[in-house]
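Per chain, numbering begins at 1; letters A, B, ... match sequence-line order.
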There are 2 protein chains.
Amino acid sequence: MVTLKELAKLLNVSVSTVSKALSDSSEIGEATKKRVTELANELNYKPNRIAQQLKSSETKVIGVVVPSLMNPFFAEVVHGIETTLGNNNYDMTICISNESLEKEQRSFYLLSSGSVDGFIVAVARETQIKYDIKHFETISKNAPIVMFDRVLNDIDCNKVVVDDFNTVFEATRYLIQKENRKHILLISNIEELSVGKHRVNGYKKAVEEHNLKTNIIKLDREESPDELIKNYLQAHQEIDAIISIDHITGIMALNSVKALSKNVPEDISIIGFGYVDSEYVSSPKLSVINQKGFQIGQLASQILVDTLASAEKVNFKTEMIKSELELNETTKKA
Amino acid sequence: MVTLKELAKLLNVSVSTVSKALSDSSEIGEATKKRVTELANELNYKPNRIAQQLKSSETKVIGVVVPSLMNPFFAEVVHGIETTLGNNNYDMTICISNESLEKEQRSFYLLSSGSVDGFIVAVARETQIKYDIKHFETISKNAPIVMFDRVLNDIDCNKVVVDDFNTVFEATRYLIQKENRKHILLISNIEELSVGKHRVNGYKKAVEEHNLKTNIIKLDREESPDELIKNYLQAHQEIDAIISIDHITGIMALNSVKALSKNVPEDISIIGFGYVDSEYVSSPKLSVINQKGFQIGQLASQILVDTLASAEKVNFKTEMIKSELELNETTKKA
DNA sequence: TTGTAAGCGTTATCAG
DNA sequence: CTGATAACGCTTACAA
């Protein structure tokens with residue numbers, strides 16, 4: 001790595017002259033500027049970012065802490081984050097909490113010692129359950145945090161959330177009112193998360209508002225979830241619609257229904273949660289709730305970048321990104 | 001952010017005393033050590049990592065540059081990378097090239113100015129096609145690079161590759177020899193990538209070795225790929241097996257076949273490329289080639305960490321991770 | 001046992 | 001127009 005000092009020696013000028021010349025300062029004469037920049041290019045000089053960071057006490061790096069990258073929703077959000085940060089000359093360092101509280105804490109403490117200017121987080125499942133949130137309290141005093149999707153009400157920071165309750169409420173109501181469905185099954189495998197609870201409650205409200213019965217299956221992947229769904233459907237022939245509240249069980253439900261030789265959407269309508277590939281891997285194409293992960297990521301990082309740019313402390317806001325019901329082929333035509 | 005200097009002032013000792021005390025140096029007396037650590041804890045002192053990095057000219061950060069995170073294969077690899085790096089006290093900053101040469105170059109130059117100790121890359125599609133690889137040549141002189149999956153033969157560095165040719169060759173041969181298939185269709189949507197070419201060639205070799213005819217569909221997502229597959233199958237009723245060489249078209253093929261009321265695997269066997277969710281979103285469960293993304297990520301980062309740890313320059317190696325044929329329900333029982 | 005000072009690579013202030 | 005110097009926060013010879 002070639003440094004200012006080496007350039008200075010080779011050119012027989014001082015370090016500060018080189019520095020100024022390279023930043024095109026008006027203090028430096030055109031002739032020297034040219035000499036300097038030419039040698040710098042030749043030797044492929046790049047200012048050492050670590051040194052700049054130390055000097056400016058700004059890293060231009062954002063710490064992103066997510067539970068997983070193999071969940072397509074988070075992958076999508078991270079993609080949105082990357083795009084916006086890139087446009088604002090920020091890099092990101094990603095830590096994966098793996099839904100573990102301890103891993104999340106470690107990541108935070110590691111990054112909080114000057115490595116990043118701010119954080120974007122979706123809190124780990126274990127953190128939500130145990131509700132051990134000291135690390136957020138500590139950090140939020142020093143560096144701005146933006147939380148998305150899985151947020152903590154008791155932490156004072158900017159938040160970007162999905163209107164989980166209303167989204168599922170409306171999807172359920174759609175099935176009842178527009179498709180005249182009366183026996184709607186909800187399939188859930190994220191019951192313990194706050195977002196999961198909101199979604200279930202949205203479903204319940206819509207169903208109860210129409211004086212219908214709730215039908216809920218809670219899955220977890222250990223068992224054989226497709227069998228469970230199939231058995232349930234066989235035992236409950238009255239089911240005429242399914243709502244799945246995560247990105248995978250909707251497709252599983254669709255496959256189960258097909259296996260029972262029921263017609264979709266004639267006999268049973270299905271609405272799942274969408275992700276980038278869901279329409280490619282389902283047939284007929286799954287009707288989905290699109291959570292707009294990309295936009296969520298963009299908004300979260302824009303808020304963070306803006307916060308870092310403005311000196312005055314503005315009050316914390318919670319922005320809501322409205323999910324969109326995308327009617328494809330597993331619901332009847334509108 | 002509390003610094004050594006502040007601690008020193010508060011304790012009426014010198015900065016170096018504080019520094020040594022905190023690193024439990026034998027030079028410092030127990031009494032002062034105690035005073036120092038207590039105040040440090042109280043004030044939540046964390047050494048500024050940027051300063052440490054400048055001092056040691058080591059960042060303990062690895063730059064990871066991948067084409068996409070929404071491709072589950074890369075998400076899996078990144079997960080493997082994160083795990084291994086975490087175990088070795090490294091962080092990672094991720095850049096997404098989005099398959100763009102220019103974005104890839106920018107990422108490299110940005111990170112190469114001291115921000116990271118080394119790189120892990122899968123090269124962008126555009127880079128492979130245009131074969132503009134100057135940025136790799138430049139960087140590889142200063143920082144170690146490990147390439148995975150999409151590698152560049154002309155760059156001298158460590159590599160972790162998948163045996164694409166043999167994997168598909170063997171899968172095809174399996175269909176021919178064990179399942180007695182004679183009309184095998186290959187579906188591809190990554191023809192232009194080197195890995196895609198290898199896979200196609202593996203297929204061709206197996207087919208031709210048995211004096212069978214090759215049948216290939218090239219897809220791209222703009223058109224309506226499922227229709228294309230369906231039409232092809234309808235026009236070619238003799239097809240009795242399908243190999244798909246990416247993570248998504250295998251499931252598409254399965255759905256198309258079912259739509260034509262053919263039985264899987266009785267009438268048609270299908271083998272796709274697997275990813276974490278493929279068995280959950282297919283029914284019957286797709287038989288897949290498992291590329292072992294997680295292991296690839298682990299190995300790539302282990303190699304990089306080892307390289308950084310050892311002073312002597314060892315020769316560059318190319319390691320091969322053997323993919324595994326996982327026979328599920330879309331092939332006949334072995 | 002503790003303190004002083006130099007240095008990592010930059011930038012910025014101030015003199016020359 | 002150019003150069004010396006200090007500072008960012010830390011580590012580490014070397015002195016005391």
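- Residue Ser23(B) is classed as having no contact, given no heavy-atom separation below 4.0 Å to the nucleic acid.
- Between the side chains of Ser115(B) and Arg49(A), at least one donor-acceptor pair of N or O atoms lies under 3.5 Å.
- Each of Met1(A) and Lys20(A) was assigned the nucleotide of DNA chain C with the nearest heavy atom; the assignment lying further toward the 5' end belongs to Met1(A).
- The side chain of Gln52(B) sits closest to dC10(D) out of dT11(C), dG9(C), dC10(D).
- Residue Lys46(A) is in sugar-phosphate contact alone, with no base atom involved, counting any heavy-atom pair closer than 4.0 Å across all strands shown.
- Between Thr17(B) and dT2(C) there is no side-chain polar atom (N or O) within less than 4.0 angstrom of OP1 or OP2.
- The side chain of Ser19(A) places an N or O atom within less than 4.0 Å of a non-bridging phosphate oxygen (OP1 or OP2) of dT11(C).
- Spacing between atom CG of Asn48(A) and atom C1' of dC8(D) amounts to 13 Å, rounded to whole angstrom units.
- One can place CD of Glu27(B) at 9 Å from C1' of dT12(D), the figure rounded to the nearest angstrom.
- In summary, the side chains of Ser14(B) and Thr17(B) do present a donor paired with an acceptor at a separation below 3.5 Å, with no hydrogens or angles considered.
- A cation-pi contact, defined as under 6.0 Å to the ring centre and within 45° of the axis, is absent between Lys159(A) and Phe148(A).
- Remark: C1' of dT12(D) and CG of Leu22(B) are 15 Å apart, rounded to the nearest angstrom.
- Scanning atom types as modelled, one donor and one acceptor separated by under 3.5 angstrom connect the side chain of Lys55(B) and the base of dT11(D).
- With hydrogens and angles left out, the side chain of Ser16(A) and the base of dA4(D) share a donor-acceptor pair within 3.5 Å.
- Rounded to whole Å, atom P of dG9(C) lies 14 Å from atom CD of Glu58(B).
- Closest-nucleotide positions on DNA chain C for Leu4(A) and Val15(B) were compared, and the one nearer the 5' end corresponds to Val15(B).
- A close approach under 4.0 Å does not occur between any side-chain nitrogen or oxygen of Thr32(B) and OP1 or OP2 of dT1(C).
- Atom CD1 in Ile50(A) sits roughly 16 Å away from atom C1' in dT11(D) (whole-Å rounding).
- Residue Asp91(A) is tested with Val61(B), Leu111(B), Ile94(B) for a side-chain contact (heavy atoms from CB on, under 4.5 Å); the sole match is Leu111(B).
- Look at CZ on Arg35(B): it is 9 Å from P on dT2(C), rounded to the nearest Å.
- Distances from the side chain of Thr3(B) to the nucleotides dG9(C), dC10(D), dA4(D) place dC10(D) closest.
- Taking atom CG on Asp24(B) and atom P on dT11(D), their separation rounds to 14 Å, with Å as the unit.
- Taking atom CD on Gln53(A) and atom C1' on dG9(C), their separation rounds to 12 Å, with Å as the unit.
- Of the N and O atoms on the side chains of Thr59(A) and Gln53(A), not one donor lies less than 3.5 Å from an acceptor on the other residue.
- In terms of phosphate contacts, Tyr45(B) brings no side-chain nitrogen or oxygen within less than 4.0 Å of OP1 or OP2 of dG9(D).
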